[in-house]
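Only heavy atoms go into these numbers, but all of them, side chains included; no hydrogens, no water, no symmetry mates.
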Amino acid sequence: MANSADSSYTNLKELAVSHSQTRQESAAGQHVPESSSSDVSTRDSSVPNLSKLLRGRSREWEAIKAKPRPLQLLDLPVDILRLIVKEVTHTNDLTSLALTNSTLYYLTVPHIYARFDIVWPDDTVQPSDSKNVDALTYGLATLCLGSKFAQRTKWLRGSSLGNLKPSTRLADHQYAKYTRKFSLGNGPKEWTSEYMVTKESGKMLGTLVAIAVGKMVNLETFVWDMPTGVLSEVFMALASLQDHHAEGESKLEKVWVRWHDNSETPDAASSMSSPIQPPPAPPLTVPPLGSAMTPVGHPLPSDFHLSVPQPIKYSESNVEYPTFSVLPTLKSLTVLDIDELAYLDEMSVLIERSRSGLRELRVGISQKARMADFAQAWDSYALQQVDHNARWPGESQIGDRRLGGVLGVLVGRIYDIRRKSAKAREREPSEPVPEQSSAPQFNGVEEFGSTSQNGAPPSSTHPDAAVSNQTQQQKADSVARDQSNKGLHAVRIRLDGRLQLETLELERVPLSLQVCTRAIDWSVLTSLTVLDCMFVEHLWRTLKRQFHPTTPTHGSPPGTPTQYHLALKRIHTDKTSNTLISFIKDTLAPNSLEVLFLQDRRRTPLPIMKVDQIFKGAIRRHRLSLKKLLLDSSDESGEGRRWNSWVLSSEMVSYITSGRMPNLRELSAAFDYKDWHPFLQRLPNIPQLRSLHISHLLEHIGGSFEPKELALQLVDIITLRPEVQLCYVGIGSKCFEILETSDVGLGGNHHGNGAIVIDMDDDNEDDGSEADEETEDDEDDEDANDDNTNVSPTDAGDDFTDVSDDAESETGSLQEGDVVGSAARLRLREILFYDDKVAIFKARHGRL
């Protein structure tokens, strides 16, 4: 369906091949055929009652009952049909309904175009030489132009010339108004490089997206994960969405942008037409090794003099403007691969605007810019966080070195890292005390500036600060700006705001401890991801000291519980240490951690932590609440045998499969082959496990192993114990999906007794690119069902006893012939890793 706007999991070079749905399980873990009569008795209580829906519509219902022929689907009221269509989630099924009837067409169109998802194929797929237009271009054309069929039909009937009244059934559909999510995924560089913003094709793509986004009045999520660059026109289109609503509040809640590499020089073909060429990259400044760290950052020498850069023209800038500074209030902001300070300055404006509603913040610095001046956390009284007097980032005159580094810039308009020093006050006795001064007057219509001022003291390197205002007006604009900024600092009040974040994810961001602990409300933070960040050890130590649990005081009533002050439920880090394990053990409440992704990617021969220390200090303490667990000690390259340091021991495998972790749904770890078959035998004790990733297998009997054979062994267990809900299996670099279908008479595999037949699907063309388009809804349902999971801990003897009893009962039922229906077939199909669907698959990469 190349011309459909909802191109979820679509190959941009070839049309995706539809496939069978992933097998679905009932609440008890048993598969119920569609024809089973038990559906009526097990109907979900959330399904609305038919009598309530028809209340007040007796006239319509009487007209339906008066028809002589039997009631058909299209005879139902439109409200009932709308609820039926809402339950259809796959694009192919929705398209079939739309082509059936005009009524169904109008009901399904809002669901078809609700999501525009472009997911590139894996880098192992060879690019196609076909000259066909890809799904991205087709989809954008549909969103920009609307229904071509309706337009041509109206023209042929003469309605466009006013000769005939246009038909309401041929209304010109603007499909973009139904889009709630727009997403461009990342893909192989050989393919995405065609859409670089420095090339003509990238400019045309950005223009098409800007036109389409401007019509998406109901847009809630915008994702641009393709590292090609985003035109400022796209941000202006996102900002214009609030103009379509009476109160000026758009429905946009989430923005995700991955920036491109500005240091890459465009090829000769595109450079001739590109008027803006990026300047050479500045030299990287690495903080000296062994230098002392303050809670703010790297201290600069006392004789450090800040060089004031001159403002640049917009034509000389190598970044797009405006970007984030014009966006409306958001709930989720993600900006990755940042390599320019200008992006941080504009993000600070958006964060100030969204300070009361921002709940998710993800920030990642580019690998090439991680040691740049703007990316380091600095500490000096000569530095500032942001330049409030600059109308756009190019006018900033405070340099690249910022107080508090990246985090200091982001919160620079809501939190001041420090007050004025005592020396600065003595140096300026005529200035009023900041706490006693009134708020200054600001221009509320500035393009880039904010209504708040930085807390850094004025620099002592400006000798002309005492010049009168009359003399200052005769000088250049830059000197006047300095004097104006000087006066504003004299009357400002200190900012002491906090972000009420629930999710914080940082990648290659040097941490400023004062910003982390003072500008973020840790009592509401539930998810924390810190990947390849400097000073993360200091963060764990500081959090443990600051949020140490409060034990009951002497004289408290018996049974008074210990009070814990953190609400963390998810932790992901790639530097596992004793400090982290001690923080998890001593600071978090027992059985409160739900997601634990621990990796160790240090460039050392062996990890610092041993796997048994992790198991005893973190996993056992949160065994009842853990839902997703990942343990990986391999290095960044994935080569070598560093991973075998965290291979699960026999005792750990026995503990995980004993039933003591009743909510575990996703597991990723390295196994020893001697524990593989015991794991298979005890797999029925964890029937709630949905996803399994075996990153490595130690000491296989044959040296090398075939992932498909191991996956088939898992299917054998599911065949014998169908209550096991395992669906996705990743072994090494291969990923498989276990499908369940009910087919009759296929290849002579039909059995009247209802036996389960294993069918191996070797079709490599079917990569599972359209598995489940309602991924987020499914994950929410799965998390909700976790609370209803009741699995009591059992020992090894009880495990094997239960298996034998169930086997006997199933055998007896088959002999009696009580099972009816067609044979249930299990298909094992090799697919791509569903990084967006399965959390452990995405976390294995160790990056945002």
Side-chain angles (χ1 to χ4, degrees), residues 9 16-26 29-31 33 90 121-122 124-125 657 665-669 671 673 676-677 679-684 686-697 700 702 704-751 754-772 775 778 822-838 840-841 844:
Y9 297 104
V17 181
S18 61
H19 58 79
S20 303
Q21 286 192 17
T22 302
R23 63 193 190 97
Q24 303 292 334
E25 296 80 15
S26 63
Q30 297 285 351
H31 175 73
H90 288 266
D122 196 6
T124 58
V125 180
T657 58
R665 304 175 70 86
E666 298 182 12
L667 174 63
S668 176
F671 284 76
Y673 184 72
W676 173 244
H677 288 284
F679 174 79
L680 293 177
Q681 296 170 3
R682 300 170 64 85
L683 185 61
I686 47 175
Q688 77 283 351
L689 188 67
R690 291 293 184 91
S691 303
L692 175 65
H693 180 225
I694 304 174
S695 56
H696 300 88
L697 196 62
H700 189 270
S704 60
F705 61 91
E706 178 61 33
K708 185 183 299 182
E709 295 298 329
L710 299 181
L712 283 174
Q713 295 176 17
L714 290 169
V715 176
D716 293 339
I717 301 300
I718 301 176
T719 302
L720 299 176
R721 299 298 294 268
E723 70 271 14
V724 177
Q725 302 177 15
L726 189 61
C727 184
Y728 299 103
V729 179
I731 303 178
S733 59
K734 300 291 185 180
C735 186
F736 303 93
E737 181 181 17
I738 302 175
L739 302 175
E740 185 176 89
T741 59
S742 297
D743 299 327
V744 179
L746 293 180
N749 291 330
H750 172 62
H751 299 269
I756 297 179
V757 181
I758 302 175
D759 179 24
M760 185 61 199
D761 188 359
D762 294 329
D763 189 2
N764 295 328
E765 296 180 357
D766 194 357
D767 58 354
S769 58
E770 292 185 0
D772 192 351
T775 301
D778 292 347
S822 59
R825 298 165 52 89
L826 290 184
R827 297 177 56 222
L828 183 66
R829 183 189 51 187
E830 182 177 349
I831 61 174
L832 303 178
F833 280 91
Y834 284 161
D835 291 347
D836 294 336
K837 183 176 181 63
V838 183
I840 57 175
F841 290 168
R844 65 190 173 93

Partner residues of Ser691 under the side-chain hydrogen bond (donor to acceptor under 3.5 Å, both in side chains) criterion, sequence neighbours left out: none
Take Leu692 and Phe679 through the side-chain contact (heavy atoms from CB on, under 4.5 Å) test and state the conclusion after the steps. CA-CA 12 Å; Leu692 175 65; Phe679 174 79; 3.8 Å; yes
To the nearest 0.5 Å, what is the distance between SG on Cys727 and NZ on Lys837? 7.0 Å
Can you list the steps and then say if Lys708 with Lys734 is a side-chain contact (heavy atoms from CB on, under 4.5 Å)? CA-CA 8 Å; Lys708 185 183 299 182; Lys734 300 291 185 180; over 6 Å; no
Is the Phe841-Phe833 ring centre distance short of 6.0 angstrom? yes
Between Glu666 and Leu689, the two heavy atoms sitting closest are N-CD1, 3.8 Å
Please lay out, stage by stage, how Leu826 and Thr719 fare under the test side-chain contact (heavy atoms from CB on, under 4.5 Å). CA-CA 8 Å; Leu826 290 184; Thr719 302; 3.6 Å; yes
May I ask you to test the Leu683-Arg721 pair for a side-chain heavy-atom distance under 4.5 Å? no
Measuring from Glu830:CD to Ile731:CD1, what's the distance to the nearest 0.5 Å? 10.5 Å
CD1 of Ile694 to NE2 of His696: how many Å apart, nearest 0.5 Å? 12.0 Å
Any chance you could measure Leu739, atom CG, to Arg827, atom CZ, to the nearest 0.5 Å? 5.5 Å
Report the C-alpha separation of Leu697 and Leu710 in whole Å, then their side-chain angles, then the decisive distance to 0.1 Å, and conclude whether the side-chain contact (heavy atoms from CB on, under 4.5 Å) test is met. CA-CA 11 Å; Leu697 196 62; Leu710 299 181; 3.7 Å; yes
Side chain to side chain contact (heavy atoms under 4.5 Å, CB included) with Leu828: which of Leu714, Val715, Ile718? Val715
I'd like to check the side-chain hydrogen bond (donor to acceptor under 3.5 Å, both in side chains) partners of Gln713; sequence neighbours left out, ordered by chain and number. Trp676
No-hydrogen, no-angle side-chain donor-acceptor test under 3.5 Å, Arg665 and Gln688: no
Reported CD1-to-CD distance for the pair Ile831 and Glu737, which is rounded to 0.5 angstrom: 4.5 Å
I'd like to know whether the aromatic ring centres of Tyr728 and Tyr834 sit less than 6.0 Å apart in this structure. yes
